[in-house]
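Read through the structure below, which is laid out as structure tokens, and then see the notes.
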Amino acid sequence: MTRTRTSAAVAGVILTAAVLLSGCGASGNDEAGSSSGAAAPQQADGAADSKVPNKADAGGKPAAPAAPESGAAQPTVTRAIIKTGSLTVEVKNEDVNAQRQKAIGIVTALRGQVASEDSSSNQDGKITLSNLVVKVPTASYETAIDRLSGLGDRTAIHQESSDVTEQVVDVDSRISSQRASLDRMRALLAKATTIGEIVSVESELTRREADLEALLAKQKNLSLQTELATLNLTLAEKGKAPEPAKAEGHGFLSGLRDGWDAFTATFSALATAVGAMLPFLIALALIGYPIWRFRHRFRRPPAPAVATAGTPGNTTPPLPKHPNTPAGP
């Protein structure tokens with residue numbers, strides 16, 4: 001009986017454990033199924049949202065607009081630069097004229113031109129100094145300086161550049177606006193019906209056309225300055241190159257020196273003027289003083305005027321009567 005009870009108890013424990021294990025497995029499968037079922041709608045919703053990007057979000061707020069692409073093309077502005085400079089070269093073989101011809105050939109090869117020339121020669125007619133103002137394309141400016149420097153020993157060089165891009169853009173914009181304004185004025189002129197309206201519109205149209213011509217001239221001038229660089233070339237014999245201009249100083253001492261120079265220059269100019277006038281002043285004094293003395297000596301003083309008392313008709317007034325004198329009959 002005891003063995004039978006023990007077997008029954010063991011069998012009961014085994015059966016209970018089997019029931020518990022089966023229950024845990026079922027619950028685990030249910031949780032996995034529910035989780036997978038919940039994930040599927042979420043993925044579907046995400047796909048739908050990706051297909052419709054501009055729909056409102058779950059909170060009811062409109063979706064943010066798409067950010068612009070970083071690689072979008074931006075408008076490019078070509079820089080407008082005005083280049084100027086000066087170059088001094090000492091000729092080695094002292095043949096300034098030959099090097100001058102070579103310089104003109106270099107400038108011509110670079111599609112440039114000689115704007116002006118100032119040359120000086122000695123008593124024998126030999127050119128000793130030549131100053132050329134040349135204009136070359138801005139893109140060939142550095143090349144021109146390198147080639148011209150090879151004509152001799154470069155003793156001085158100075159370069160400047162100024163950016164006028166803002167002015168060029170401003171002038172172009174004003175020209176476009178002015179042309180549009182002229183078109184509107186012409187349309188108004190076509191619609192004018194009275195003489196007063198025609199005269200008023202034509203006057204305004206003439207003024208705006210003049211403004212447009214001034215802007216076009218300014219645009220052309222800026223274009224020429226930016227397309228062609230200006231270079232002042234000086235060719236001189238060895239040891240005879242002109243000294244470069246000294247830079248202007250600043251400060252109290254510089255101002256005092258400039259003021260003293262101006263004072264001495266003014267005093268020198270006044271002294272020169274007085275010295276030039278002195279001979280004429282002496283001559284005038286020698287001639288004028290005797291004449292003045294002669295006129296003063298022979299001039300008679302005017303006779304003093306005699307005061308006379310009387311009445312008209314040369315009659316004398318009666319004498320006053322004494323108060324005690326009886327009156328006449």
Derivation and outcome, side chain to side chain contact (heavy atoms under 4.5 Å, CB included), residues Ile175 and Gln178: CA-CA 5 Å; Ile175 288 176; Gln178 197 70 14; 5.7 Å; no
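- One distance of note links CD1 of Ile198 with CG of Leu188; it measures 12.0 Å at 0.5 Å rounding.
- Classification of Arg257 and Asp261 as a salt-bridged pair fails, no side-chain N sitting under 4.0 Å from a carboxylate O.
- Within a 6.0 Å radius of CZ in Arg186, other residues, nucleotides and ligands contribute more than 12 heavy atoms.
- Ile157 and Ile82 are not part of a single hydrophobic cluster, where members link through side-chain heavy atoms under 4.5 Å apart.
- Annotation: side-chain hydrogen bond (donor to acceptor under 3.5 Å, both in side chains) contacts involving residues 134-143, sequence neighbours excluded, comprise Lys83-Glu142, Lys135-Thr230.
- Taking CD1 of Ile287 as the start and CD1 of Ile282 as the end, the distance is 12.0 Å to the nearest 0.5 Å.
- With hydrophobic clusters built from ILVMFWY side chains whose heavy atoms lie under 4.5 angstrom apart, Leu87 shares a cluster with Leu110.
- Arg179 and Asp183 are not joined by a salt bridge, as no carboxylate oxygen comes within less than 4.0 angstrom of a charged side-chain nitrogen.
- Side-chain atoms of Leu231 and Val136, non-hydrogen and from C-beta on, never get closer than 4.5 Å to each other.
- Hydrophobic clustering, with ILVMFWY side chains joined whenever heavy atoms are under 4.5 angstrom apart, keeps Ile104 apart from Val133.
- Hydrophobic clustering, with ILVMFWY side chains joined whenever heavy atoms are under 4.5 angstrom apart, keeps Leu224 apart from Val169.
- Within the 3.5 Å criterion, the main-chain N or O of Ser200 finds no donor-acceptor partner in the side chain of Ser203.
- The distance from the CG atom of Asp163 to the CD1 atom of Ile81 is 3.5 Å, given to the nearest 0.5 Å.
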Before you tell me yes or no, could you show the steps for Leu148 and Val89 under side chain to side chain contact (heavy atoms under 4.5 Å, CB included), namely the whole-Å CA-CA distance, both residues' side-chain angles and the distance that decides it to 0.1 Å? CA-CA 8 Å; Leu148 294 174; Val89 178; 5.7 Å; no
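- Residues Leu151 and Ile106 meet the side-chain proximity criterion, which asks for heavy atoms closer than 4.5 Å.
- The two atoms that bring Leu222 and Gln167 nearest to each other are CD2-OE1, 4.0 Å, heavy atoms only.
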Side chain to side chain contact (heavy atoms under 4.5 Å, CB included) for Glu204 and Arg208? Distances and angles first, verdict last. CA-CA 6 Å; Glu204 185 66 18; Arg208 297 191 183 188; 2.9 Å; yes
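- A donor-acceptor contact shorter than 3.5 Å is absent between the side chain of Ser268 and the backbone of Thr264.
- Interatomic distance, Ile195 CD1 to Glu197 CD, rounded to the nearest 0.5 Å: 11.0 Å.
- Between Leu278 atom CG and Phe280 atom CZ the span is 10.5 Å, to the nearest 0.5 Å.
- Side chain of Ser181 to main chain of Ser177: no donor-acceptor pair is present (N/O by atom type, distance under 3.5 Å, no hydrogens or angles).
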Between Arg100 and Val91, is the side chain to side chain contact (heavy atoms under 4.5 Å, CB included) condition met? List the steps. CA-CA 10 Å; Arg100 166 182 160 275; Val91 180; over 6 Å; no
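- Contact of the Gln99 side chain with the Val96 side chain is not registered, since no non-hydrogen atoms from C-beta on lie closer than 4.5 Å.
- In this structure, CG in Asn232 is found 8.5 Å from CG in Leu132, a value given to the nearest 0.5 Å.
- Nearest heavy-atom pair, Val201 versus Met185, reported as atom, atom and distance to 0.1 Å: CG1-O, 3.6 Å.
- Shortest non-hydrogen contact noted between Ser119 and Ile127 is CB-CG2, 4.2 Å.
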